[in-house]
Amino acid sequence: MRSIEPTGQEYAALERMLLARAAAEDRRRTLQRRVTIVGAIGLVGVAGMGAAWAALANPVLRDDAAYCYGEPDPNSAFVTAGAPAAEAPDGTTRLQEADALDMCAAVWRIGAVGPHATQPPVDGVEYEIPPLEACLRLDGVTAVFPNEQREAHEPFCRRLGLAPTD
């Protein structure tokens, strides 16, 4: 009758097999951990670059343009209005000083934003301009919204999640 207990050689082979499996599992877990860490670092890097890009909008947009919204909601449709350009005596083109509220009022007047925005501007036709309020977006660009309720400047901007302009 044969004994069911393994021999010394069988014990040694079983030990080698278990140690090899444990080492392989350890290598797999180490590799998986490293891939996870590298992926997380890459994701944080990409998110950081995206946040930096959003936070540092083009200086021309920050200084010489405004986003004109059709509704008092930062997620609503908007058009970008920029300061008009003029030719200087030396032949160079320079942007003229323009207030964000004035630029957006002009856009509302021609119907490029607001309830008449679905139609192209028509020569000679002017639309009513609602009370407008300027707030500052996170990227530094001025955002102008209709303020039909004539809410005070700072609470209006804060309610929209934006900073009030000076």
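Here the structure is a predicted model, which is why all the values come from computation and not from measurement.
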Could you go through the side chain to side chain contact (heavy atoms under 4.5 Å, CB included) check for F78 and F145 one step at a time?
CA-CA 9 Å; F78 67 90; F145 299 91; over 6 Å; no
Between W108 and L132, is there a side-chain heavy-atom distance shorter than 4.5 Å?
yes
Looking only at heavy atoms, what is the nearest atom pair of A134 and H153, with distance?
O-CE1, 2.8 Å
Rounded distance [0.5 Å steps], CZ in R137 versus SG in C157:
13.0 Å
Would V141 and L160 show up in the same hydrophobic cluster when neighbours are defined by side-chain heavy atoms closer than 4.5 Å?
yes
Check this for me, if you would: do R21 and E25 make a salt bridge, where the nitrogen-to-carboxylate-oxygen distance has to be below 4.0 angstrom?
no
Would you sort out whether E10 and L14 count as a side chain to side chain contact (heavy atoms under 4.5 Å, CB included), showing the intermediate values?
CA-CA 6 Å; E10 291 173 326; L14 183 60; over 6 Å; no
Side chain to side chain contact (heavy atoms under 4.5 Å, CB included), that's the test. Do E133 and L101 meet it? Break it down for me.
CA-CA 7 Å; E133 201 67 55; L101 291 172; 5.8 Å; no
Carefully, step by step, assess Y69 and S76 under the rule side chain to side chain contact (heavy atoms under 4.5 Å, CB included).
CA-CA 7 Å; Y69 288 82; S76 65; 3.5 Å; yes
Search all heavy atoms of C135 against all heavy atoms of T165 and return the closest pair with its distance.
C-CG2, 3.6 Å
Would a hydrophobic clustering, with Ile, Leu, Val, Met, Phe, Trp and Tyr connected at side-chain separations under 4.5 Å, put F156 with L162?
yes
Is the shortest heavy-atom distance from the side chain of T142 to the side chain of L136 under 4.5 Å?
yes
